[in-house]
Amino acid sequence: MKQTALTLTIAKLRQVRGLIRREWFKMSGLSMKRGGNLGNISCDWPASVSIGEDCIIQDGADFRIEHPFSANNYIQLGDRVFIGRCCEFNCTSKIIVGNDTMIASNTTIVDVGHHTEKGNNLKSVSEDINIGSEVWIGARCVILKGVSIGNGAIVGAGSVVNKSIPEYEIWAGTPARFIKSRI
């Protein structure tokens, strides 16, 4: 009996802590629609992040914005998006995630890279990342600059995505390559 009461108390305290965290980020400029759950995240520029309805963002997610005062630099999550533990969003341009998308734990999404030509290796290049609706990205994936992932696509765990994926296709590997169609 005592164990159950203690478990319920701890769960209630976590819920209250989550509500306080949510309100703190909203007061700091984060746009978050109703419902969902905001874990213990880090976000240095909340005003550049938009979160849709009923999203679940687990602990350890990190939202980094390189140019917070630019209207063209932001992260936008659609409705009912799931972000697993310790996912990292490095944004110097735009990262857009569609509705009903699931991104598993320890995934990194980074919209910037470097020139590879001799003499230009210190200059960075950024390109938008667009992840469609109803996409599933497995654990420990890396999504690189300029990639679009079509609606209904699946990316296997541990993949490095360096080129765009069409709708309703399954890709996996390092670098990610076509496995099969879902249609």
Side-chain angles (χ1 to χ4, degrees), residues 21-33 36-53 55-99 101-133 135-150 153 155 157-165 171 174-176:
R21 183 181 311 110
R22 179 186 185 117
E23 290 306 312
W24 169 258
F25 277 115
K26 285 174 89 173
M27 287 188 311
S28 299
L30 180 100
S31 170
M32 186 170 184
K33 295 182 180 174
N37 185 7
L38 185 63
N40 187 11
I41 69 167
S42 63
C43 181
D44 50 359
W45 296 99
S48 297
V49 178
S50 173
I51 300 172
E53 284 185 13
C55 290
I56 298 172
I57 302 174
Q58 293 188 328
D59 293 344
D62 186 9
F63 297 91
R64 297 177 189 200
I65 305 291
E66 184 67 25
H67 307 290
F69 302 109
S70 169
N72 296 322
N73 185 211
Y74 59 87
I75 298 169
Q76 178 182 327
L77 305 179
D79 297 336
R80 297 167 304 282
V81 170
F82 172 85
I83 305 294
R85 294 183 185 282
C86 300
C87 285
E88 186 176 321
F89 291 76
N90 289 319
C91 182
T92 61
S93 184
K94 293 181 195 131
I95 298 174
I96 300 172
V97 179
N99 298 334
T101 290
M102 297 183 296
I103 300 174
S105 298
N106 296 297
T107 292
T108 299
I109 300 172
V110 58
D111 69 359
V112 67
H114 299 280
H115 283 287
T116 57
E117 299 86 26
K118 186 176 180 180
N120 286 329
N121 61 349
L122 297 178
K123 294 181 182 175
S124 63
V125 177
S126 61
E127 296 177 38
D128 299 353
I129 294 176
N130 289 293
I131 299 172
S133 296
V135 171
W136 175 35
I137 299 174
R140 298 190 186 279
C141 287
V142 177
I143 312 298
L144 298 174
K145 68 177 176 58
V147 166
S148 290
I149 300 176
V155 178
S159 297
V160 175
V161 182
N162 62 357
K163 56 185 141 189
S164 294
I165 298 175
W171 285 48
T174 305

Kindly determine whether Phe89 and Ile103 satisfy side-chain contact (heavy atoms from CB on, under 4.5 Å), including the steps that lead there.
CA-CA 11 Å; Phe89 291 76; Ile103 300 174; 4.2 Å; yes
Chi angles and distances behind the side-chain contact (heavy atoms from CB on, under 4.5 Å) call for Ile131, Ile137:
CA-CA 10 Å; Ile131 299 172; Ile137 299 174; 3.9 Å; yes
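Side chains of Val155 and Val161 form a contact here, defined as non-hydrogen atoms less than 4.5 Å apart.
Side-chain N or O atoms of Ser48 include none that pairs as donor or acceptor with a backbone N or O of Tyr74 at under 3.5 Å. With hydrogens and angles ignored, the 3.5 Å screen pairs a side-chain donor or acceptor of Ser133 with a backbone N or O of Asn99. At distances below 3.5 Å, at least one donor-acceptor pair connects side-chain atoms of Thr101 with backbone N or O atoms of Gly132. Without hydrogens or angle criteria, Thr107 side chain to Gly138 main chain gives a donor-acceptor distance under 3.5 Å.
Going from atom CD1 of Ile75 over to atom CD1 of Ile109 covers 8.5 Å, rounded to the nearest 0.5 Å. Remark: Phe63 CZ to Phe25 CZ distance equals 9.0 Å, nearest 0.5 Å. Taking CD1 from Ile51 and CG from Leu38, the interatomic distance works out to 5.5 Å, rounded to the nearest 0.5 Å. For the atom pair CD1 of Ile41 and CD1 of Ile57, the computed distance is 6.0 Å after rounding to the nearest 0.5 Å. Note that the SG atom of Cys87 and the CG atom of Asp59 stand 12.0 Å from one another [nearest 0.5 Å]. Interatomic distance, Ile143 CD1 to Ser159 OG, rounded to the nearest 0.5 Å: 8.0 Å.
Sorted by first then second residue, the side chain to side chain donor-acceptor pair (under 3.5 Å) pairs that include residues 60-73, not counting sequence neighbours, are Ser42-Asp62, Asp62-Arg64.
In plain terms, the two heavy atoms of Ser164 and Ser148 that are nearest each other are OG-N, 3.0 Å. Gly146 approaches Ile129 most closely through the heavy-atom pair N-CG1, 4.1 Å. When all heavy atoms of Val135 and Gly150 are compared, the closest pair comes out as CG2-O, 3.3 Å. Listed here is the closest heavy atom pair of Gly98 and Val81: O-CG2, 3.2 Å. Counting all heavy atoms, side chain and backbone alike, Lys163 lies closest to Val147 at N-CG2, 3.8 Å. When every heavy atom of Thr174 is checked against every heavy atom of Gly158, the shortest pair comes out as OG1-O, 3.4 Å.
The aromatic rings of Trp45 and Phe69 lie perpendicular to each other, with more than 60° between the two planes, well past the 30° mark.
Counted by atom type alone, Asp111 and Thr92 present one or more donor-acceptor pairs between their side chains at under 3.5 Å.
Every residue two or more places apart in sequence or in another chain that forms a side chain to side chain contact (heavy atoms under 4.5 Å, CB included) with Ser28 is listed here: Trp24, Pro46. Partners of Ser105 under the side chain to side chain contact (heavy atoms under 4.5 Å, CB included) rule, at least two apart in sequence or in another chain, are Gln58, Arg85. Scored by the side chain to side chain contact (heavy atoms under 4.5 Å, CB included) test, Ala139 finds Ala104 as partners (sequence neighbours excluded). Take Arg21 and apply the salt bridge (Lys or Arg N to Asp or Glu O under 4.0 Å) test, not counting sequence neighbours, and it matches no residue. Every residue meeting the salt bridge (Lys or Arg N to Asp or Glu O under 4.0 Å) condition with Lys94, not counting sequence neighbours, appears here in chain and number order: Asp128. Partners of Glu23 according to the salt bridge (Lys or Arg N to Asp or Glu O under 4.0 Å) rule, which considers only residues two or more places apart in sequence or in another chain, do not exist here. In terms of the side chain to side chain contact (heavy atoms under 4.5 Å, CB included) criterion, residue partners of Lys33 (sequence neighbours excluded) are, by chain and number, Glu53, Asp79. Residues passing the side-chain hydrogen bond (donor to acceptor under 3.5 Å, both in side chains) test with Trp136, sequence neighbours excluded: none. Residues meeting the salt bridge (Lys or Arg N to Asp or Glu O under 4.0 Å) test with Asp44, sequence neighbours left out: none. With sequence neighbours left out, Asn90 forms a side-chain hydrogen bond (donor to acceptor under 3.5 Å, both in side chains) with Glu88.
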